[in-house]
Amino acid sequence: MPELPEVETIKESLQGMVGLTIDDIKVMKPEYIRSWENRPADYIGQRISAISRRGKFLIFETDTGRYMVAHLGMSGRVYLEPRGKELQKHVHIVFELDNELELWFQDARRFGGLWLVKDPRIMLKDMGIEPLSRNFNSRYLKPLLSNRRVAIKTLLLNQHLIGGIGNIYADEALYEAGIRPDRSAGSLEPGEVHRLVQAIKQVLRSGIDQRGTTLRDFQDGYKQKGEFQDYLKVYGRQDLPCPRCQQPVVRQVINGRSSHFCPSCQK
DNA sequence: AGCTCACCCTGGACGC
DNA sequence: TGCGTCCAGGGTGAGC
């Protein structure tokens, strides 16, 4: 489940693609292309000029200003393979590059997709703030929480408010901040909002430092797994001891998402 | 407007 | 071993 640290890790791993030219594109599953504002053929012969990230979206730019925006959904992978290698299952799009490599878009569950657009700002205009930016602080977050009755965990997953937090890092951030995930957002005290902001930044940075969390599917652009799964304190650890107080971690479904927390350390 | 929930999809885990 | 069932969840949109 690629969240901000995983997409950032993929982005960083693929920077060697900048400057390469797209020789050809193969579309095995046209449904995986969610926007046909540009046609695949428009990208042939184009040079990749930048690869960036916004929230959980991965953005490729060509030197003539055409964009490919990818979202990996639950099980999406973007990675390089030698040209001509036999395609694996669920590879939906292939970009042939001029260095004898191919970029594969593979997604078993197909919750992800690829947008071929002229201007990514239009499709990303409702994306919330980047949580690692300086502008994301308690002064910014506090008004977003006021008078909202929704669970703080649910609010953190709302991409229109904050871009890039998913289920794993939301649970880990709330643990670090000592806040129960089912607390109503509006009930957080100023000190808790401050702790939550710091915790979000800390767990996202740690996730990036460990090159993402690989529970099953995640890998970077060179098929390398991440390490942050070894540092998870509550996510996926129901009934295992809280690292701080040794009480069993509880799993509870909140708005349809499995959530993990320590009932002793999180208030 | 805020909120909840069903839906999309497949592979893997689990029970019988 | 094999079959059926359930679960994982990001984003969207319907409905309250």
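Rounding to whole angstrom units, CD1 of residue A:I254 and C1' of B:dC3 are separated by 15 Å. Remark: P of B:dG11 and CG of A:D217 are 11 Å apart, rounded to the nearest angstrom. Spacing between atom NZ of A:K29 and atom P of B:dC9 amounts to 10 Å, rounded to whole angstrom units. Atom CD in A:Q238 sits roughly 13 Å away from atom C1' in B:dA13 (whole-Å rounding). Between A:K89 atom NZ and B:dC9 atom P there is a gap of 16 Å when expressed in whole angstrom units. Taking atom CG on A:L156 and atom P on B:dC3, their separation rounds to 13 Å, with Å as the unit. One interatomic measurement links the two molecules: CG of A:D182 to C1' of B:dC3, which rounds to 16 Å at whole-angstrom precision. Between the CE atom of A:M74 and the P atom of B:dG12 there is a distance of 13 Å, rounded to whole Å.
Within the 4.0 angstrom heavy-atom criterion, no nucleotide atom of any strand lies near A:E3. Residue-level contact check: A:Y235 touches the backbone only, with heavy atoms under 4.0 Å from sugar-phosphate atoms and none from bases. Counting any heavy atom pair closer than 4.0 Å across all strands shown, A:S258 reaches sugar-phosphate atoms only and no base atom.
If A:L155 and A:R110 are placed on DNA chain B by their nearest nucleotide, the residue sitting closer to the 5' end is A:L155. With DNA chain B read from its 5' end, the first of the two nearest nucleotides for A:R257 and A:N147 is the one closest to A:N147.
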### Message
What verdict does the side chain to side chain contact (heavy atoms under 4.5 Å, CB included) test give for A:F136 and A:L132, after you've listed the backbone C-alpha separation in whole Å, the side-chain angles of each residue and the deciding distance to 0.1 Å?
### Response
CA-CA 7 Å; A:F136 178 65; A:L132 290 178; over 6 Å; no
### Query
Does the side chain to side chain contact (heavy atoms under 4.5 Å, CB included) test come out yes or no for A:L174 and A:L196, once each step is laid out?
CA-CA 7 Å; A:L174 287 162; A:L196 181 55; 3.8 Å; yes
### Task
Could you walk me through whether A:E6 and A:Y169 pass side chain to side chain donor-acceptor pair (under 3.5 Å), step by step?
CA-CA 11 Å; A:E6 287 73 34; A:Y169 294 93; 2.7 Å; yes
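Contact annotation: A:R148 reaches the phosphate of B:dC3 (side-chain N/O to OP1 or OP2, under 4.0 Å). Of the side-chain N and O atoms in A:H90, one or more sit less than 4.0 angstrom from OP1 or OP2 of B:dG11.
Residue A:N147 qualifies as open at atom CG: its count of foreign heavy atoms under 6.0 Å is 12 or below.
Taking the ring centroids of A:F228 and A:Y235, they lie at or beyond the 6.0 Å cut-off.
Of all nucleotides in DNA chain C, those with any atom nearer than 4.0 Å to a heavy atom of chain A start and finish, going 5' to 3', at C:dA8 to C:dG11.
Checking A:T62 against A:R66 by side-chain atom types alone, no donor-acceptor pair falls below 3.5 Å.
At a threshold of 4.0 Å, the pair A:E172-A:K233 does not count as salt-bridged, since none of the basic side-chain nitrogens sits closer than that to a carboxylate oxygen.
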